[in-house]
Amino acid sequence: MDNRPNHTIYINNLNEKIKKEDLKKSLYAIFSQFGQILDIVALKTLKMRGQAFVIFKEIGSATNALRSMQGFPFYDKPMRIAYSKTDSDLIAKMKGTFTERPKKAPMDRKKGKKGKSGGAAAGAGAMGSAGAGMGGGASMQGVDNAPPNQILFLTNLPQETNEMMLSMLFNQFPGFKEVRLVPGRHDIAFVEFENELQSAAARDALQGFKITPTTAMKISFAKK
């Protein structure tokens, strides 16, 4: 926590059993609410297991994420979050302060960098639109006319949606009880709260939320 505020937050104490791709998707799902994410770095090497870096475009986003999510139970383990000690390569390149660090196997590193930078830029663009979609008055779209009740009906979910990702999104809200997926359908789910006020608050906050950069979920009250 003593490091200076930075675009990049460092997270450790992550559950090591989670696959790298699932980990990155889940981190994106819960951190993109704080602002545009440029990249998420999670390595499964022995030294870096259980750790990840989330790189935000704005320092303010990183600060909000650090304060809000410190100790958040992520895959059953409380996250420990600090500012990264140094700028990530992405941010250093944007500032013009990037220098290639000599590390073992520099050839691999350079190859990896080249392959990544195009993808990272494309990803950042797509993720940017995801972040932009978050705040902008999205809460009015896709609201069905079922009367308010404690169960929400989610539609337009991407294929990679799973129960854990949805649980982590919705358990930030008071009164969360459970997520129910529909067998054989990846695109819909139900989320239950203790009462309709709590379900309405979650609906309004997450309406139009993009679990992936291209798919905005729609939330309505479930028909009883």
Side-chain angles (χ1 to χ4, degrees), residues 1 9 11-15 18 22-23 25-37 40 52 54 56 58 60-82 130-158 160-182 186-212 215-224:
M1 283 293 291
I9 56 172
I11 307 164
N12 67 1
N13 199 39
L14 295 171
N15 192 321
I18 309 306
D22 289 344
L23 182 70
K25 281 175 192 155
S26 300
L27 286 170
Y28 180 75
I30 62 170
F31 280 104
S32 60
Q33 61 184 305
F34 298 103
Q36 185 177 334
I37 291 174
I40 291 176
V54 178
F56 287 96
E58 307 290 340
S61 304
T63 301
N64 286 341
L66 185 147
R67 287 181 185 149
S68 304
M69 303 303 282
Q70 190 70 262
F72 180 82
F74 185 74
Y75 288 108
D76 301 324
K77 290 182 79 172
M79 288 197 278
R80 287 206 291 269
I81 309 175
M134 275 296 300
S139 55
M140 291 320 289
Q141 65 182 16
V143 177
D144 210 356
N145 50 10
N149 64 77
Q150 79 273 28
I151 298 174
L152 298 175
F153 177 52
L154 317 184
T155 56
N156 204 34
L157 298 172
E160 52 269 57
T161 306
N162 60 39
E163 190 176 335
M164 182 60 84
M165 283 165 83
L166 290 175
S167 294
M168 283 188 300
L169 265 183
F170 283 91
N171 76 4
Q172 314 167 56
F173 298 94
F176 169 78
K177 284 178 82 173
E178 64 171 346
V179 167
R180 290 198 292 277
L181 299 181
V182 178
H186 71 77
D187 57 329
I188 60 175
F190 294 92
V191 182
E192 185 173 353
F193 283 82
E194 284 171 12
N195 62 49
E196 64 198 48
L197 288 174
Q198 292 166 330
S199 62
R203 183 200 67 169
D204 293 347
L206 291 174
Q207 187 69 263
F209 182 87
K210 292 183 177 176
I211 292 180
T212 64
T215 316
M217 73 173 162
K218 294 185 175 142
I219 311 176
S220 55
F221 292 113
K223 291 189 174 73
K224 289 209 159 183

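Only a predicted model underlies this, so the values are computations on that prediction, with no experimental measurement involved. Throughout, numbering of the chain's residues begins at 1 and tracks the sequence.
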Is any side-chain heavy atom of F209 closer than 4.5 Å to a side-chain heavy atom of S32? yes
Let me have the donor-acceptor pairs involving side chains of residues 163-174, under 3.5 Å, with sequence neighbours excluded, atom names and distances please.
unit_1	atom_1	unit_2	atom_2	d
S167	OG	E163	O	2.9
Q172	OE1	Q33	NE2	2.9
Q172	NE2	L169	O	2.7

Is any side-chain heavy atom of I11 closer than 4.5 Å to one of F74? no
What distance separates I188 CD1 from T155 OG1, expressed to the nearest 0.5 Å? 8.5 Å
A146 versus A222, closest heavy-atom pair with distance: CB-O, 4.0 Å
With rounding to the nearest 0.5 angstrom, report the CG to CZ distance, L152 to F193. 6.0 Å
Rounded to the nearest 0.5 Å, how far does CG of L181 lie from CG of N162? 7.5 Å
Is any side-chain heavy atom of Q207 closer than 4.5 Å to a side-chain heavy atom of K218? yes
Closest contact, heavy atoms only, G208 versus A216: O-CB, 3.5 Å
Euclidean distance, E192 CD relative to N149 CG, rounded to 0.5 Å: 9.5 Å
Under 4.5 Å between any side-chain heavy atoms of F153 and K223, yes or no? no
When every non-hydrogen atom of I219 is compared with those of R203, the smallest separation belongs to CG2-CG, 3.5 Å
Minimum side-chain heavy-atom gap Y75-L14 below 4.5 Å: no
Within the structure provided, determine whether V182 and F190 are in side-chain contact (heavy-atom separation under 4.5 Å). yes
Residue pair L27 / A52: nearest heavy atoms and the distance that separates them: CD1-CB, 3.7 Å
Taking the side chain as everything from C-beta on, heavy atoms only, tell me whether E194 gets closer than 4.5 Å to Q150. no
Between the CD1 atom in I81 and the CZ atom in F31, the distance rounded to the nearest 0.5 Å is 4.0 Å
N13 and P78, any side-chain heavy atoms less than 4.5 Å apart: yes
Worked verdict on L157 versus M217 for side-chain contact (heavy atoms from CB on, under 4.5 Å): CA-CA 5 Å; L157 298 172; M217 73 173 162; 3.7 Å; yes
Rounded to the nearest 0.5 angstrom, the CG-CE distance for N12 and M79 is 11.0 Å
Can you see which heavy atom on I40 is nearest to which on I37, and at what distance? CG1-CG2, 3.9 Å
